[in-house]
Amino acid sequence: MATYFGEIVEKPSRAFWGDEYDSEDDTRTETQNMHDRKLEVSSLVSQHIPSTIKLFLVIHGPLTEGFVETCFLKKGEPIVEIKEVETENIDDDELLKRRKRRPSTIYCLSSDIMMCVCSPHLDIMQSFDFTEKISPWMKNAEQVIILDCSYISGYSVTRLQNDFPDAFLKALKTDNFNKPVLSEILEQPNTAKGIPAGVLTWCQVFKIPAVLYICYARNYEVDSNSVKLFCQLFCKMPFKLLKEKPDFTHKLSTAPEFSSNLYM
């Protein structure tokens with residue numbers, strides 16, 4: 001496994017910082033915010049976790065979710081929701097916002113294939129808590145595949161390329177993932193972060209075979225060009241999950257709008 005992947009928690013941007021700036025109030029506020037955004041698991045149907053799961057999919061990001069919505073034969077039966085706990089010490093406006101947020105959902109695609117679609121409202125501070133919540137399913141999985149997306153502007157190159165593609169895939173895997181990796185490995189100094197990195201790190205620690213595929217794209221618009229890399233990926237897998245003719249005539253509205261993080 002590449003040794004340079006993992007969750008990255010960036011320090012807040014400041015002109016100067018040091019121990020004298022890390023006041024008790026700042027620490028208390030950060031701890032309280034993390035406590036207020038704890039996650040809970042609720043079952044939608046009476047179900048048990050299968051003793052053997054051939055494939056557990058983790059879908060993170062608007063482009064990957066759009067791929068599932070458009071190209072999968074069926075999204076499956078929702079069996080579990082993972083949402084933020086409603087605490088007493090938040091105001092009414094925040095409570096209303098929280099209730100409107102779409103939760104993460106685990107679907108049963110077949111008797112031995114499960115899929116978790118991550119909520120777009122999860123943030124990097126919830127990576128550990130979220131990974132713990134889905135760990136009972138990953139413990140029984142023969143393999144875990146994580147799909148993520150990122151803007152090309154966030155991809156670092158070591159040499160200048162004149163013919164840079166509009167979209168491309170990169171991968172990171174655990175040590176014991178012995179199946180073919182269907183894209184090039186992510187090169188240094190690039191890293192994975194957030195929920196995908198947290199899940200992949202957990203699989204590495206608990207020796208669950210896993211691979212993370214990151215699609216770098218210029219935008220997150222879901223069309224035949226933007227998702228063809230994922231389609232090619234799944235066509236090479238021994239799982240029949242894709243439609244023969246995906247429908248791109250409707251615009252997905254489930255994912256929030258994102259803008260590029262490129263600054264001049």
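Just the heavy atoms: all of them, side chains too, but no hydrogens, waters or symmetry mates, feed the values below.
Donor-acceptor pairing under 3.5 Å is recorded for the side chains of D112 and S110. With hydrogens and angles left out, the side-chain atoms of E187 and Y155 include a donor and acceptor closer than 3.5 Å.
Ion pair E81/R102 not flagged as a salt bridge, since none of the NZ, NE, NH1 or NH2 atoms sits closer than 4.0 Å to an Asp/Glu carboxylate oxygen. A salt bridge between E142 and K54 is absent, with no side-chain N of the basic residue lying under 4.0 Å from a carboxylate O of the acidic one. We find that E40 and K83 are not joined by a salt bridge, their nearest charged nitrogen and carboxylate oxygen being 4.0 Å or further apart.
M138 has its side chain within reach of T131: a pair of non-hydrogen atoms, C-beta onward, lies under 4.5 Å apart. Residues I185 and K170 have side chains not in contact (no heavy-atom distance under 4.5 Å, counting atoms from C-beta outward). With a 4.5 Å cut-off on side-chain heavy atoms, F56 and I113 do not count as touching. At least one side-chain heavy atom of L233 sits under 4.5 Å from a side-chain heavy atom of L147. Within the 4.5 Å cutoff, side-chain heavy atoms of I145 are placed close to those of M237. Looking only at side-chain heavy atoms (C-beta outward), V222 and L63 come within less than 4.5 Å of each other. Between I208 and F177, the closest side-chain pair of non-hydrogen atoms is not below 4.5 Å. In this structure, the side chains of I146 and Y213 stay at 4.5 Å or more apart for every pair of heavy atoms.
When all heavy atoms are compared, the tightest approach of L186 to A192 is CD2-N, 4.4 Å. Closest of all the heavy-atom pairs between I134 and C116 is CG2-SG, 4.1 Å. Listed here is the closest heavy atom pair of L39 and K133: O-CE, 2.9 Å. Scanning all heavy atoms of the two residues, the minimum distance from S104 to S119 falls at OG-N, 2.8 Å. The two residues G194 and I124 have their closest heavy-atom pair at CA-CG1, 3.9 Å. The nearest pair of heavy atoms linking L57 to L109 is CD1-CD1, 4.5 Å.
Considering CG of L200 and OG1 of T174, their distance stands at 6.5 Å, rounded to 0.5 Å. Distance check: H60 NE2 to F130 CZ gives 8.0 Å after rounding to the nearest 0.5 Å. Atoms CG and SG, from L241 and C71 in turn, are 11.5 Å apart once rounded to the nearest 0.5 Å. The line from SG of C108 to CH2 of W137 is 11.5 Å long, rounded to the nearest 0.5 Å. Within the model, atoms NZ of K207 and CG of N176 stand 7.5 Å from one another, a figure rounded to the nearest 0.5 Å. Separating the CG atom in L55 from the CD atom in Q143 is a distance of 5.5 Å, to the nearest 0.5 Å.
Looking at S156, its side chain never comes within 3.5 Å of a backbone N or O of P189 through a donor-acceptor pair. At distances below 3.5 Å, at least one donor-acceptor pair connects side-chain atoms of Q126 with backbone N or O atoms of D123. Looking at N140, its side chain never comes within 3.5 Å of a backbone N or O of I53 through a donor-acceptor pair. Under a 3.5 Å cut-off, the side chain of D148 and the backbone N or O of P196 do not form any donor-acceptor pair.
Within a 6.0 Å sphere centred on NZ of K228, heavy atoms belonging to other residues, nucleotides or ligands number 12 at most.
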Problem set entry | Chi angles and distances behind the side-chain contact (heavy atoms from CB on, under 4.5 Å) call for V80, V41 | CA-CA 7 Å; V80 166; V41 176; 3.4 Å; yes
For this session: Applying side-chain contact (heavy atoms from CB on, under 4.5 Å), run through L242 and C235 and close with a yes or a no.
Result: CA-CA 8 Å; L242 300 183; C235 286; 4.0 Å; yes
Problem set entry | side-chain contact (heavy atoms from CB on, under 4.5 Å) between Q204 and D175, worked out | CA-CA 7 Å; Q204 170 69 12; D175 287 338; 2.8 Å; yes
Problem set entry | Trace of the side-chain contact (heavy atoms from CB on, under 4.5 Å) decision for W202 with K139 | CA-CA 10 Å; W202 186 95; K139 285 178 180 177; 3.4 Å; yes
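By the rule that hydrophobic residues join a cluster once side-chain heavy atoms approach within less than 4.5 Å of another member, F239 and L229 end up as members of one cluster. Transitive grouping of hydrophobic side chains (ILVMFWY, heavy atoms separated by less than 4.5 Å) brings L169 and V181 into a common cluster. A continuous path of ILVMFWY side-chain contacts below 4.5 Å connects F206 to I49, so both sit in one hydrophobic cluster.
Using cut-offs of 30° and 60° on the angle between ring planes, the pair F67 and F72 is perpendicular.
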